[in-house]
Novice: 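Got a structure for you, questions after.
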Protein chains: 2
Amino acid sequence: MYTPYTMSTRGRLSRERILEDALRIVDSEGLQGLTIRRLAQELDVTPMAVYRHFKNKTDILDGLIELVIAEGQATEHDTEGWQAWIEVTFLRMRASLLQHPGVLPLLGSSASYGLQSLRITERLLGKLRGAGLGADAVARGLHLLVSYTLGAVAIEVAAREQQQSAEAGTQQEWQRQLRQRFESADIAEFPNLVALAPKLSRFVEEAEFGLGVRQIIRSLTPEA
Amino acid sequence: MYTPYTMSTRGRLSRERILEDALRIVDSEGLQGLTIRRLAQELDVTPMAVYRHFKNKTDILDGLIELVIAEGQATEHDTEGWQAWIEVTFLRMRASLLQHPGVLPLLGSSASYGLQSLRITERLLGKLRGAGLGADAVARGLHLLVSYTLGAVAIEVAAREQQQSAEAGTQQEWQRQLRQRFESADIAEFPNLVALAPKLSRFVEEAEFGLGVRQIIRSLTPEA
DNA sequence: TGCTCATTGTGTACGGAGTATACATGAGAC
DNA sequence: GTCTCATGTATACTCCGTACACAATGAGCA
C-alpha cells in the first residue's frame with residue numbers, strides 16, 4: 001500500500017495518545033496538574049518529545065477542548081421530534097463537560113472553536129430551521145441554548161467544588177455556610193436567598209438543566 | 001480618635017490599591033500578564049511585599065472577581081417595572097464583564113462567589129418574588145438569567161479575540177475564515193452555518209443580548 | 001544490502017514564575 | 001527613649017515552559 005505521507009506512524013507518540021493522557025491528568029488532578037514534565041512522565045518520554053507533536057502548551061490545551069466537544073457528540077442519536085432531539089443534544093454536551101470539569105476554564109478563553117464545534121452547530125441550526133423557525137428565531141435560539149449551557153455548566157462546576165469542603169443541601173447547612181463566610185455581614189440581609197436556598201441548590205441536577213433547556217425551546221416557538 | 005486596630009493604614013500598600021493595579025494590568029495585558037513581579041513593579045515595591053496583604057496569587061484573583069462584580073452594581077438604578085429592572089441589571093453586568101474580559105476565565109473556576117455576588121442575587125430574587133412568581137419559577141428564572149449571561153459574555157469575549165486577526169462581519173469574510181481554518185473540510189458541509197453567519201455574528205451586540213434576556217423573562221410569566 | 005536523510009526522541013540549559021524564610025525599618029504606645 | 005509589631009526587603013529554592021544542539025531510528029532508493 002502506498003502512502004504519500006507516513007503521517008507519523010513511526011514513533012511511540014502521536015497527537016491522539018498525548019491528548020488522551022493529558023485529559024486523564026486534567027481529570028484526576030485538575031488543569032494546574034497538567035505540566036509538560038508531568039505529561040512526559042506519564043508518556044514515559046522526555047518533556048521535549050511532546051514538542052515534536054505540539055507547537056506549545058496552548059496547542060495541547062486547544063486539542064483538549066476539541067477532544068471533549070467531540071466526546072459530547074461521539075455517538076449519534078435519532079431522537080424523535082426536533083425539540084426532544086435538541087434537548088438530548090444539550091444534555092449530552094452538559095454531561096461530557098461535567099465529566100471533564102478541568103477543561104471548562106479553557107472554553108472561556110482563546111478563540112479556539114474548532115471543527116467539532118462547527119459540526120454540532122451546523123446540525124443544531126439544521127434542526128431549528130427544519131422546525132420552521134425564521135432566521136432570526138433560529139439564530140437567537142442557538143445563542144440562547146449554547147450560552148445557557150455554557151453558563152449552567154460553569155455554575156455547576158463551581159458549586160461542586162464548593163461542596164468539597166462541606167456537604168451542603170440542607171437549609172441549615174446553607175445558612176451556616178453563609179454566616180461562616182461573611183461573619184461581618186448580617187444574615188438578615190439575605191432573606192430571599194435563605195428562603196430559596198433549597199430550590200437554588202437543586203440546579204446541579206440533570207433534570208433541572210433539562211427543564212431549563214425545554215423552557216428556552218418553548219419560548220422559541222410562537223404560542224403552540 | 002481611637003481605633004482598636006490600625007487596619008493597615010500605616011504602609012504604602014493596601015488590598016484596594018493592589019487590586020486596582022492588578023485589574024489595570026489584566027485589562028491592558030491579559031490575565032497572563034499579571035505576575036507578582038510585574039504587579040510589584042507597578043506598585044513600586046518588592047514582590048514579597050504583596051504577600052503581606054494577600055495569602056497567595058489565588059487570593060488576588062479572587063479579589064479581582066469581586067471587584068468586577070461590585071463594579072457591575074456600583075450605582076443603584078430604580079428602573080420602573082420589574083422586567084425592565086432585571087433587564088437593566090443584566091445589561092450592566094454584561095457591560096462590566098466585557099470591560100474586563102481578562103477576569104472571565106476566573107469566573108468559571110474556583111468556588112469564590114463572594115459577598116458582592118450574594119448581594120445582587122438577593123436583590124434579583126426579591127424582584128422576581130415581588131412579581132408574583134412561584135418559588136420554582138423564581139429559582140429557575142434566576143438560574144436561566146445568570147447562566148445565559150455568563151455564557152453569552154464568554155462567547156462574546158471569545159468572538160472578539162477572534163476578530164483581532166481579521167475583521168469579520170461580512171459573509172465573504174466568514175466563509176474565507178472557515179475555509180482557511182479547515183482547508184481539509186468541505187465548506188459544503190456547513191450550509192446552515194454559512195447561510196446564517198451574518199445573523200449569528202450579530203450576537204456581540206448589546207441589543208441582541210437584551211433581546212435574549214427579555215425572551216427569558218417573558219418565558220417566566222404565564223401567558224400574559 | 002547498504003547509503004541517505006527526514007523524523008522522532010534526548011540532554012542540557014536558560015529565564016521567569018510563585019513563594020518560603022530570615023532580616024531590616026520605622027511608626028506609634030508607654 | 002525604648003519596645004514592639006506591622007510593613008517592606010533580600011535572598012534563594014523549586015518548578016515551569018521551551019530553545020537549541022545532538023543522537024537514534026527506520027523508510028526509500030541504489
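Naming: A, B, ... by sequence-line order, numbering from 1 per chain. Everything quoted here is computed from the prediction, not taken from an experiment.
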Novice: A:F54 has an atom CZ; how far is it from atom C1' of C:dT8, in whole Å?
Specialist: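 That distance rounds to 15 Å.
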Novice: Check the orientation of A:Y148 and B:H143. Use parallel for under 30°, tilted for 30 to 60°, and perpendicular for over 60°.
Specialist: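 Ring orientation, 0 to 90° scale: perpendicular.
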Novice: Starting from P on D:dC16, measure out to CD on A:E29 and report it in whole angstrom.
Specialist: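 A:E29 atom CD is separated from D:dC16 atom P by 11 Å.
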Novice: Output the distance between atom CD (A:E122) and atom OG (A:S117), rounded to the nearest 0.5 Å.
Specialist: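 So the gap between those two atoms works out to 13.0 Å.
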Novice: Would you please classify the geometry between the B:W85 ring and the B:H77 ring as parallel, tilted or perpendicular, with 30° and 60° separating the classes?
Specialist: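 Correct class here is parallel.
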Novice: Rounded to the nearest angstrom, tell me the gap between atom NE2 in A:H53 and atom C1' in C:dT7.
Specialist: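 These atoms are roughly 9 Å apart.
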Novice: Nearest whole Å is fine: how far is C:dT8 C1' from A:I18 CD1?
Specialist: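 Whole-Å distance recorded here is 11 Å.
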Novice: Among B:L128, B:I216, B:L91, which residue satisfies the side-chain contact (heavy atoms from CB on, under 4.5 Å) criterion with B:I86?
Specialist: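 Of all the options given, the one that passes is B:L128.
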Novice: Does the side chain of A:E156 come within less than 4.5 Å of A:F203's, by heavy atoms?
Specialist: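 A side-chain contact is absent here, since even the closest heavy-atom pair is not under 4.5 Å.
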Novice: Report the distance from atom CG of A:L39 to atom C1' of C:dG9, rounded to the nearest whole Å.
Specialist: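 Interatomic distance, CG of A:L39 to C1' of C:dG9: 14 Å.
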Novice: Decide, yes or no, whether a salt bridge links B:R24 with B:D27 under the criterion of side-chain N to carboxylate O below 4.0 Å.
Specialist: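 No salt bridge links B:R24 with B:D27.
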Novice: So that I can tick it off, tell me whether A:D59 and A:R15 are bridged by a salt bridge, with the cut-off set at under 4.0 angstrom between side-chain N and carboxylate O.
Specialist: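 Looking at A:R15 and A:D59, the cut-off is met.
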Novice: When you check the side-chain N and O atoms of A:T89 and A:R123, is any donor under 3.5 Å from an acceptor?
Specialist: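 Side chains of A:T89 and A:R123: no pair found under 3.5 Å.
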Novice: List the protein contact pattern of nucleotides 17-22 of chain C with one symbol per nucleotide (5' to 3'): B for base contact, S for sugar-phosphate-only contact, - for none; contact means a heavy-atom distance under 4.0 Å.
Specialist: BBBBBB
Novice: State, to the nearest 10°, the angle formed by the axis through the first five base pairs of the helix from C:dG2-D:dC29 to C:dC30-D:dG1 and the axis through its last five.
Specialist: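 About 0° separates the two local helix axes.
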